[in-house]
Protein chains: 2
Amino acid sequence: MTALEVACRNSDLPLTIQRRVILQALADRDDHPTADQILRQVRKRLPEVSRTTVYRVLDTLVDLGLAVKICSPGKGARFDPRTDRHHHLVCLQCEKVMDFEAPKLNGLPLPDTRTRAFDILDYSIHFRGLCADCKGQSRNAQARRARRSPTKKSTGRAG
Amino acid sequence: MTALEVACRNSDLPLTIQRRVILQALADRDDHPTADQILRQVRKRLPEVSRTTVYRVLDTLVDLGLAVKICSPGKGARFDPRTDRHHHLVCLQCEKVMDFEAPKLNGLPLPDTRTRAFDILDYSIHFRGLCADCKGQSRNAQARRARRSPTKKSTGRAG
DNA sequence: CTGCCTGCAAACGATTTGCACCAGC
DNA sequence: GCTGGTGCAAATCGTTTGCAGGCAG
């Protein structure tokens, strides 16, 4: 938790209780929670905390480099307490995002983007697929199809 | 545009004007537009089209495998007409997402996720950094800091 | 003709904003 | 004590839903 103190001092930011507790709540999880999930967890310690503050503080933590807002297919923003290089398993069906360690993939050469005038600072690989919970069920399209016409037995594409 | 006809026939879906035009609008861009951006573009051809329909059709196109909902750090869902393997440059500041070709990175071995019970179907690499427009300006944190206290000259961390 | 798709508007959920008060430095 | 962070509630933005009529097959 010293990292927060250092970062706040460096940036001339007051070190509030909320910032402490929210960072702690985030650090305690590895499931890339949304702001609302953090809110619920934070309220166990600080029942008074407002949703607004959670949003603002999470934003601040990202600024400070203590957290990362991850890329996800869903609608709610999600945060990751890990700022080191790591990768993700993204379920195409339930949109869950899991951390995935693949040391062999941590040393890829950063491609040359000079022609694009883009400064690459880091990378992460998104492995898209189906998580354990979803893979048993059915594929994306099939699920939706079924939902739309439950009585009609779809002919093909069972594979 | 035949792909849409085939897909609709395969799935017993009517081939509506809206589906044609929305897919065309998406296919015409490579900037991973949001539903709203698509809406604006589609209305040039079909002024009557409703926002709802755009959302629904984009969803359908994803089902049909004619588009992909991409992972992005922003709040609005974004769609990609490309379904083949490719990678992305993600600007940490403006949250723009650009396609990035890196043939050398298209053949990575899919890691073994049996222990995680996760079926990997594909992957894509997110290169995070600063785009041309943003890199001249300032780093993420600095930009926000400046916005908060415009008069105060931040000391350090220029690197 | 029949059913699904579309358009409308309202519901809904996530996030932001303005303002008064309180806490950290 | 001053500054700016926080809490509240309302505004805003993105997305979804229920229903009536239109169009593709």
If we only count heavy atoms from C-beta on, is the B/Tyr123 to A/Leu105 side-chain gap below 4.5 Å?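 Not touching, per the 4.5 Å side-chain cut-off.
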
Donor-acceptor pair under 3.5 Å, [X] side chain vs [N] base:
{"X": "A/Thr34", "N": "C/dA14", "value": "no"}
{"X": "A/Arg56", "N": "D/dG4", "value": "no"}
{"X": "A/Arg51", "N": "C/dG13", "value": "no"}

Between [atom2] on [N] and [atom1] on [X], what's the gap in Å once rounded to a whole number?
{"X": "A/Asp36", "N": "C/dC12", "atom1": "CG", "atom2": "P", "value": "17 Å"}
{"X": "A/Leu13", "N": "D/dG4", "atom1": "CG", "atom2": "C1'", "value": "10 Å"}
{"X": "B/Ile17", "N": "D/dA24", "atom1": "CD1", "atom2": "C1'", "value": "10 Å"}
{"X": "A/Glu48", "N": "D/dG5", "atom1": "CD", "atom2": "C1'", "value": "15 Å"}
{"X": "A/Gln18", "N": "D/dG4", "atom1": "CD", "atom2": "C1'", "value": "13 Å"}
{"X": "B/Asp12", "N": "C/dG3", "atom1": "CG", "atom2": "P", "value": "14 Å"}
{"X": "A/Leu64", "N": "D/dG5", "atom1": "CG", "atom2": "C1'", "value": "14 Å"}
{"X": "A/Ile22", "N": "D/dG7", "atom1": "CD1", "atom2": "P", "value": "8 Å"}

Nucleotide of [options] approaching [X] most closely (side-chain heavy atoms):
{"X": "A/Thr52", "options": "C/dT17, D/dT6, C/dT15", "value": "C/dT17"}
{"X": "B/Ala77", "options": "C/dT15, D/dA9, D/dT15", "value": "D/dT15"}
{"X": "B/Pro14", "options": "D/dG7, C/dC4, C/dT16", "value": "C/dC4"}

Donor-acceptor pair between B/Gln41 and B/Arg29 side chains, under 3.5 angstrom: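 Indeed, the side chains of B/Gln41 and B/Arg29 share at least one donor-acceptor pair under 3.5 Å.
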
Would you mind classifying the nucleic acid contact of A/Thr16 as base, sugar-phosphate or nothing, using non-hydrogen atoms under 4.0 angstrom?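 Touches sugar-phosphate only.
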
Hey, is the side chain of A/Tyr55 poking within less than 4.0 Å of OP1 or OP2 on C/dT16, counting only N and O atoms?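 For C/dT16, neither OP1 nor OP2 has a side-chain N or O of A/Tyr55 closer than 4.0 Å.
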
Any side-chain N or O of B/Thr53 below 4.0 angstrom from OP1/OP2 of C/dT6?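 So the side chain of B/Thr53 is outside the cut-off, no N or O lying under 4.0 Å from OP1 or OP2 of C/dT6.
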
Return the orientation label for the B/His32 and B/His86 ring planes: parallel under 30°, perpendicular over 60°, tilted otherwise.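 Aromatic pair B/His32/B/His86 classed parallel.
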
For B/Arg78 and B/Arg9, find the nucleotide of DNA chain D closest to each by heavy atoms; which residue's nucleotide sits nearer the 5' end?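 It is B/Arg78, whose closest nucleotide lies nearer the 5' terminus.
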
Within this structure, what is the CG-SG distance for the pair B/Leu130 and B/Cys91, rounded to the nearest 0.5 Å?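 With rounding to 0.5 Å, CG (B/Leu130) is 5.5 Å from SG (B/Cys91).
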
Apply salt bridge (charged side-chain N to carboxylate O under 4.0 Å, His left out) to the pair B/Lys69 and A/Glu95, showing each step before the final yes or no. CA-CA 11 Å; B/Lys69 191 199 279 192; A/Glu95 304 196 329; 3.5 Å; yes

